[in-house]
**Q** 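Quick one: structure below, then a few questions.
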Amino acid sequence: LTGVWIVPVPGGRQMSIQRYTDGVNTIALFEQPATGKKVLRNDNKPHIRAGVVHWSTTDRVFTLIGSARRESIRTIVDSMH
């Protein structure tokens, strides 16, 4: 873990940004409370595209951006379910 930030987002909510690195690869995890229609849906299937993964639970929305290998990204995402 190389950095953590809490930033305001529209609607009076806050988003956390967590940055991790192994010295070669860096990933950033964005996490915020789900609001509106997203709260009603539990999207357990992460959507992975070119170093970006997006998924949600009934109360949280996650986005992971990184330069790590796809297999490493999948392991990280799977460990969070």
**Q** Among residues at least two apart in sequence or on other chains, which ones pass ring-ring contact (aromatic ring centres under 6.0 Å, His included) with F30?
**A**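 Result, ring-ring contact (aromatic ring centres under 6.0 Å, His included) vs F30: none returned.
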**Q** When you group the ILVMFWY residues by side-chain heavy-atom contacts below 4.5 Å and let the links chain together, are M15 and W5 in the same group?
**A**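 Cluster IDs for W5 and M15 match.
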**Q** Do L29 and V24 sit in one hydrophobic cluster, given that two such residues count as connected whenever their side-chain heavy atoms are within less than 4.5 Å of each other, even indirectly?
**A**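 L29 and V24: separate clusters.
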**Q** Partners of S72 by side chain to side chain contact (heavy atoms under 4.5 Å, CB included), sequence neighbours excluded?
**A**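 S72 satisfies side chain to side chain contact (heavy atoms under 4.5 Å, CB included) with A68, R69 only.
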**Q** Quick check for you: to the nearest 0.5 Å, what is the distance between I27 atom CD1 and I76 atom CD1?
**A**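 That separation rounds to 3.5 Å.
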**Q** Output all residues satisfying side-chain hydrogen bond (donor to acceptor under 3.5 Å, both in side chains) with T26, sequence neighbours left out; order by chain, then residue number.
**A**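 Residues passing side-chain hydrogen bond (donor to acceptor under 3.5 Å, both in side chains) with T26: T21.
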**Q** State plainly whether one hydrophobic cluster holds both Y20 and V53, where clusters connect Ile, Leu, Val, Met, Phe, Trp and Tyr through side-chain heavy atoms under 4.5 angstrom apart.
**A**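 Yes, one cluster joins them.
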**Q** Could you give the distance from CD1 (I17) to OG1 (T63), rounded to the nearest 0.5 Å?
**A**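 Taking CD1 in I17 and OG1 in T63, the distance rounds to 10.5 Å.
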**Q** If a pair satisfies ring pair (Phe, Tyr, Trp, His ring centres under 6.0 Å) and one of its residues is in residues 57-78, list it, with sequence neighbours excluded.
**A**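 Qualifying pairs: W55-F62.
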**Q** Does any non-hydrogen side-chain atom of H54 lie less than 4.5 Å from one of V61?
**A**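 Touching, per the 4.5 Å side-chain cut-off.
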**Q** Name every donor-acceptor pair, under 3.5 Å, that has one atom in a side chain of residues 6-14 and the other anywhere in the protein, sequence neighbours excluded.
**A**
| from | atom 1 | to | atom 2 | distance (Å) |
| --- | --- | --- | --- | --- |
| R13 | NE | P10 | O | 3.4 |
| R13 | NH1 | Q32 | OE1 | 3.2 |
| R13 | NH1 | P33 | O | 3.2 |
| R13 | NH2 | P10 | O | 3.3 |

**Q** Give me each pair satisfying salt bridge (charged side-chain N to carboxylate O under 4.0 Å, His left out) with a member in residues 14-35, each pair once, sequence neighbours excluded.
**A**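 Non-adjacent pairs meeting salt bridge (charged side-chain N to carboxylate O under 4.0 Å, His left out): E31-R60.
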**Q** Atom OG1 in T75, atom CD in E71: separation rounded to 0.5 Å?
**A**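 Going from the OG1 atom of T75 to the CD atom of E71 covers 8.0 Å.
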